[in-house]
Colleague: 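My questions will all concern the structure given below.
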Protein chains: 2
Amino acid sequence: MPNLADVIEAYLVELLQQAEQRSIVIQRSDLAALFACAPSQVSYVLQTRFIPQRGYLVETRRGGGGYIRITGLLPSVDELWRQALEISSFALTTNDARHLIGLLYQARLITAREARLLRVALERAVLRLEQPWHDEVRAELMRSMLATLMTSREE
Amino acid sequence: MPNLADVIEAYLVELLQQAEQRSIVIQRSDLAALFACAPSQVSYVLQTRFIPQRGYLVETRRGGGGYIRITGLLPSVDELWRQALEISSFALTTNDARHLIGLLYQARLITAREARLLRVALERAVLRLEQPWHDEVRAELMRSMLATLMTSREE
DNA sequence: TCATAAAGGTCAGGGAAGGACAAAGAAGGA
DNA sequence: TCCTTCTTTGTCCTTCCCTGACCTTTATGA
């Protein structure tokens, strides 16, 4: 018997596939009512399934008329991307990050500006953190940014 | 069912786009009557949407013959970068960051991919930090990334 | 001059979303 | 069995919307 979480995930994926757009808009309480579960269950599904690492973007708004928008990004294209994600799967030193970014740039998968952006973000993002966390957080951030890049074309 | 606030915002934006000038003049009570809401609702929309951070200037006059003038600012490229830096000079909420990025994108100062990159970085980078530091660190990271983008032309 | 009417401003409060988090429950592996 | 990880719920919190009551400013005319 499948999880409720899996069922909800499948339902949302189905909605996304049938949508004209690349995104759908839902309301947390509606979905909770539909599946007769706690609203926070929906949040759980979003937090564990519809994450950047899996190629999704979630935007929300609180208050009256609040909503949740899920955007499914383009399917990934290149094996290099996969490798890049793999490389940053756990921890990433500054040097490893630099090297990886260089590879992506040489392969023309990212622009010079994007490369600089990645470097700056990865260097500055960890400044307020205790040392032991640096490489881990850097990897996490790298994965998110890679997922974003690998699933979005220039418009 | 969108918010009334969103509807009013859209209406005013529409008016601004159709206007010959860069500004429009309205009356609070008229607008309130048009949308069948409390006058303070209009004030709310102005205070939450048509703010300098989003590129608008609002001037009002009370008393008989009072009015509200909304001006959409079209800053020069340099001015826009400067404003962006200024906006992120101390603390930056997720929402303000989103709008700022949107502004830069609309002005074609950054690409769609770069915009997504910024958003993801700003959202994920603060996850391991205690709440009180979020906006501050976000601003710091934003400044670094802005500086990088400002000083690097395409390719 | 100054009372009055006609604007817009301010603010507290209630209601309607989603968010965060702890704790209990379930599933599966060592 | 026992431990770990994932799921599910419940409770309380934050954000956002909207209104109503009351305040301040400005124009005008007696």
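A, B, ... follow the sequence lines: proteins, then strands. Residue 1 opens every chain. These values consider heavy atoms only, across backbone and side chains, with no hydrogens, waters or symmetry-generated copies.
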Colleague: For Q41(A) and dG10(D), give me the distance from atom CD to atom C1', rounded to whole Å.
Modeller: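 Rounding to the nearest Å, CD of Q41(A) and C1' of dG10(D) are 12 Å apart.
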Colleague: For D6(A) and dA26(C), what is the distance between atoms CG and C1' respectively, to the nearest whole Å?
Modeller: 13 Å
Colleague: Check the distance between dT19(D)'s P and N3(B)'s CG and give it to me in whole angstrom.
Modeller: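 The distance from CG of N3(B) to P of dT19(D) comes to 11 Å, rounded to the nearest Å.
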Colleague: For Y11(A), run the side chain to side chain contact (heavy atoms under 4.5 Å, CB included) check against V45(A), L31(A), L16(A) and tell me which one passes.
Modeller: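 Among V45(A), L31(A), L16(A), the one meeting side chain to side chain contact (heavy atoms under 4.5 Å, CB included) with Y11(A) is L31(A).
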Colleague: Give a yes or no on whether a salt bridge exists between D96(B) and R138(B), defined as a side-chain N under 4.0 angstrom from a carboxylate O.
Modeller: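 Result for this pair is no, no salt bridge flagged.
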Colleague: For the pair made of CD in E59(B) and C1' in dT25(D), what is the distance, rounded to whole Å?
Modeller: 17 Å
Colleague: Just how far, in rounded Å, is P of dT19(D) from CZ of F35(B)?
Modeller: 12 Å
Colleague: Nearest whole Å is fine: how far is dG18(C) P from N95(B) CG?
Modeller: 15 Å
Colleague: Determine the contact category for R69(B): base if any of its heavy atoms lies under 4.0 Å from a base atom, sugar-phosphate if only primed atoms, P, OP1 or OP2 are that close, otherwise nothing.
Modeller: nothing
Colleague: Say whether S88(B) and R143(B), considering side chains only, have a donor N or O and an acceptor N or O under 3.5 Å apart.
Modeller: no
Colleague: Quick one: name the residues clustered hydrophobically with V25(B), using the 4.5 Å side-chain heavy-atom rule over I, L, V, M, F, W, Y, and just say none if it's on its own.
Modeller: Y67(B)
Colleague: Treat primed atoms plus P, OP1 and OP2 as sugar-phosphate and everything else as base, then score nucleotides 8-13 of chain C 5' to 3': B for base contact with protein heavy atoms under 4.0 Å, S for sugar-phosphate contact only, - for none.
Modeller: BBB---
Colleague: Restricting to pairs with a member in residues 34-48 of chain B, which pass side-chain hydrogen bond (donor to acceptor under 3.5 Å, both in side chains), not counting sequence neighbours?
Modeller: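 Every pair satisfying side-chain hydrogen bond (donor to acceptor under 3.5 Å, both in side chains) with a residue in residues 34-48 of chain B: R28(B)-S43(B).
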Colleague: Quiz question: by atom type and distance under 3.5 Å, do the side chains of T71(B) and R22(B) form a donor-acceptor pair?
Modeller: no
Colleague: Whole-Å distance between dT8(D) C1' and R49(A) CZ?
Modeller: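 One finds 12 Å between C1' of dT8(D) and CZ of R49(A), rounded.
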Colleague: Using atom CD of E9(B) as one end and atom P of dC16(D) as the other, report the distance to the nearest whole Å.
Modeller: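 After rounding, the gap between these two atoms is 13 Å.
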Colleague: For G65(B) and for A36(A), find the nucleotide of DNA chain D with the closest heavy atom, then tell me which residue's nucleotide is more 5'.
Modeller: A36(A)
Colleague: Would you call E123(B) and R119(B) a salt bridge, taking side-chain N to carboxylate O under 4.0 Å as the test?
Modeller: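 Here E123(B) does not pair with R119(B) in a salt bridge, since their nearest N and O are not under 4.0 Å apart.
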Colleague: Indicate whether OP1 or OP2 belonging to dC18(D) is found under 4.0 Å from a side-chain N or O atom of Y44(B).
Modeller: no
